[in-house]
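Structure first, then comments.
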Amino acid sequence: MKARMSFLVPVLGLLLSAPVFAHHSFRAEFDSTKPMEFVGTVTKVEWFNPHARFYIDAKDETGKVTNWNFELGSPLQLHRQGWRQDSLKVGDQITVEGFLAKDGSKMASASKITLADGRTVFNGPSTDGKPAQ
Amino acid sequence: MNRVKVLRSICFLLRWASAQPYAPEQKISMGREVTHALSVAFCFFASVFAAFGQGERGAITGTVTDQDGAVVSGAPIQAENKKTGTIFKAATSTTGKYTLEQLPAGSYELSIPRPEFAYRRQTVVVHAAQTLRLDIRVEDTSLNTLGEDRAYFAGLAASRTAPTATAPRTPDGKPDLSGVWQLPRILDPEEPPVLPWAAAVIKEWTETNGRDFPRGHCLPDSVLLMSRFGINRFVQTPTHLVILNEADIPGYHQIFLDGRGHPEDLDPTWNGHSTGRWEGDTLVVDTVGFNNKTPIYWLVVGGATPHTEKLHLITRFRRPDLGHLEIEITFNDPGTFTKAWKMKEISDLVDNDEVQEWICNENNQDVEHMVGK
């Protein structure tokens with residue numbers, strides 16, 4: 001696990017009006033000043049409301065393995081954008097960018113997921129639910 | 001014509017009159033001197049007055065954009081005079097522009113009181129009779145989560161090509177509002193005129209990043225008939241209009257169209273009690289009987305205000321053509337607002353999607369981790 005100081009999600013289109021949050025306030029739970037990057041193996045995917053989640057085992061600089069809990073949008077939102085609950089699978093080797101929970105727990109909000117082969121998952125729309133180039 | 005031009009015109013006329021030669025038969029020479037003296041005095045004081053009115057104040061104007069360069073509409077901006085503590089407020093327009101006017105010259109602390117915007121307060125100096133140009137770039141940190149990111153909601157609310165054919169009517173000749181309607185877009189938003197106690201609550205919400213909003217606890221937040229968070233289906237019958245919303249809790253609103261009034265023994269509830277009647281082609285929905293447990297999300301971009309049980313909503317729906325729905329909401333709540341205020345919205349017909357399911361309390365892990373600050 002290593003920290004990244006610069007982090008931007010590319011977004012297309014003009015945003016004139018959008019909700020501040022879908023379920024809860026982002027900043028009430030996550031720290032936007034703590035963008036992090038994790039490398040690990042997917043151990044579980046939860047396709048539940050109000051947020052889909054996935055968990056990874058990530059190794060830090062000392063070799064210690066920690067299981068991290070990552071928040072996604074809701075299944076409704078992900079499905080509408082073409083993603084399916086098997087788009088990310090247990091055992092996938094991934095790199096995750098996200099923001100840490102403020103309370104210090106092993107939780108984070110996922111903002112980018114990249115598979116070992118460079119394809120991405122849940123980033124933008126999908127036509128077939130499979131990782132995108 | 002502004003007051004400066006008026007004063008200048010009067011001054012010119014007085015000077016002109018006092019400068020005219022007297023007719024030979026005019027014998028009161030003192031009158032000319034007095035007129036001239038008065039004109040000079042008036043013009044002096046007028047110029048001082050005009051200079052004071054114009055010159056002691058300045059303005060700040062600019063455009064607010066986010067980290068992607070997109071303009072940010074409806075964002076509140078405030079400038080606090082560092083000497084007097086007076087706060088001047090404005091909001092960005094739909095093109096992201098703002099103007100803070102009539103600011104007495106001095107130092108101001110500029111801020112954007114919106115929790116999702118990472119924007120460091122900055123001090124600016126306003127000079128007399130000058131307009132300071134200040135474009136502001138904020139980082140919107142609220143919508144970075146994969147799946148419910150900014151692009152997703154932009155897609156839900158984005159203006160789409162909707163049919164402009166004649167709006168449908170029911171067999172009894174009433175306009176038929178039925179259909180799937182996208183997340184409404186607010187037109188020309190204005191900030192609610194809140195009383196001091198409500199302003200204090202909003203300040204606390206801002207400081208705690210909306211930690212205690214009921215929605216995070218899977219409780220209703222649906223004071224408005226069309227949710228801020230997802231698409232809607234209107235189902236209209238001769239006696240009812242039912243609005244289904246995929247992101248609402250519990251996910252529906254019912255509006256009685258059968259002519260009944262509100263019950264006399266109305267118990268305050270989360271969604272209140274709604275009745276509707278037709279004024280021409282406009283459906284006027286009257287809603288009362290709210291509890292006071294929810295914020296009103298008056299802006300889709302995040303503005304929220306509390307309310308009391310006195311809240312009385314009047315929502316006017318009009319379908320000008322097949323593909324568009326106009327909404328005007330009037331907020332009456334003397335317990336919260338200094339006067340009634342309105343919000344206008346528009347929604348486009350959705351022909352390729354349906355209201356879907358969202359069961360909030362299935363696995364809500366967030367509550368215990370929402371620390372706020």
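Since the model is a prediction, treat every value here as computed from it, not as a measurement. Residue numbers begin at 1 in each chain, while the letters A, B, ... track the order of the sequences. Reckoned from all heavy atoms, side chains included, excluding hydrogens, waters and symmetry mates.
In plain terms, the two heavy atoms of B:Thr145 and A:Glu71 that are nearest each other are CG2-O, 3.5 Å. When all heavy atoms of B:Trp358 and A:Pro50 are compared, the pair lying nearest together is NE1-O, 3.4 Å. Nearest heavy atoms, A:Ala28 versus B:Thr208: CB-O, 4.2 Å.
Looking at B:Tyr152 and A:Gln81, their side chains come closer than 4.5 Å, going by heavy atoms from C-beta outward. Looking only at side-chain heavy atoms (C-beta outward), B:Val371 and A:Glu29 stay at 4.5 Å or farther from each other. Within the 4.5 Å cutoff, the side chain of B:Gln365 has heavy atoms near those of the A:Asn69 side chain. Using a 4.5 Å heavy-atom cutoff, the side chains of B:His369 and A:Phe30 are not in contact. B:Leu146 is listed as a side-chain neighbour of A:Asn123, based on a closest heavy-atom distance under 4.5 Å. Side-chain contact between A:Leu76 and B:Glu246: present, with at least one pair of heavy atoms (C-beta onward) separated by less than 4.5 Å.
Of the listed residues (A:Met107, A:Lys102, A:Arg80), the greatest number of heavy-atom pairs within a distance under 4.5 Å of chain B belongs to A:Arg80.
The distance from atom CZ of B:Arg211 to atom NE2 of A:His24, rounded to the nearest 0.5 Å, is 14.5 Å. Taking CD of B:Glu148 as the start and CZ of A:Phe26 as the end, the distance is 9.5 Å to the nearest 0.5 Å.
For B:Leu156, the part sitting under 4.5 Å from any heavy atom of chain A is the side chain, from C-beta outward, and nothing else. For a residue to count as touching a neighbouring chain, one of its non-hydrogen atoms must lie under 4.5 Å from one of that chain's; by this rule B:Asp353 touches chain A with the side chain only.
We find that A:Arg53 and B:Asp366 are joined by a salt bridge, their nearest charged nitrogen and carboxylate oxygen being less than 4.0 Å apart.
Residue B:His324 places its NE2 atom among more than 12 non-hydrogen atoms of other residues, nucleotides or ligands, all under 6.0 Å distant. A:Lys130 NZ: 12 or fewer foreign heavy atoms inside a 6.0 Å radius.
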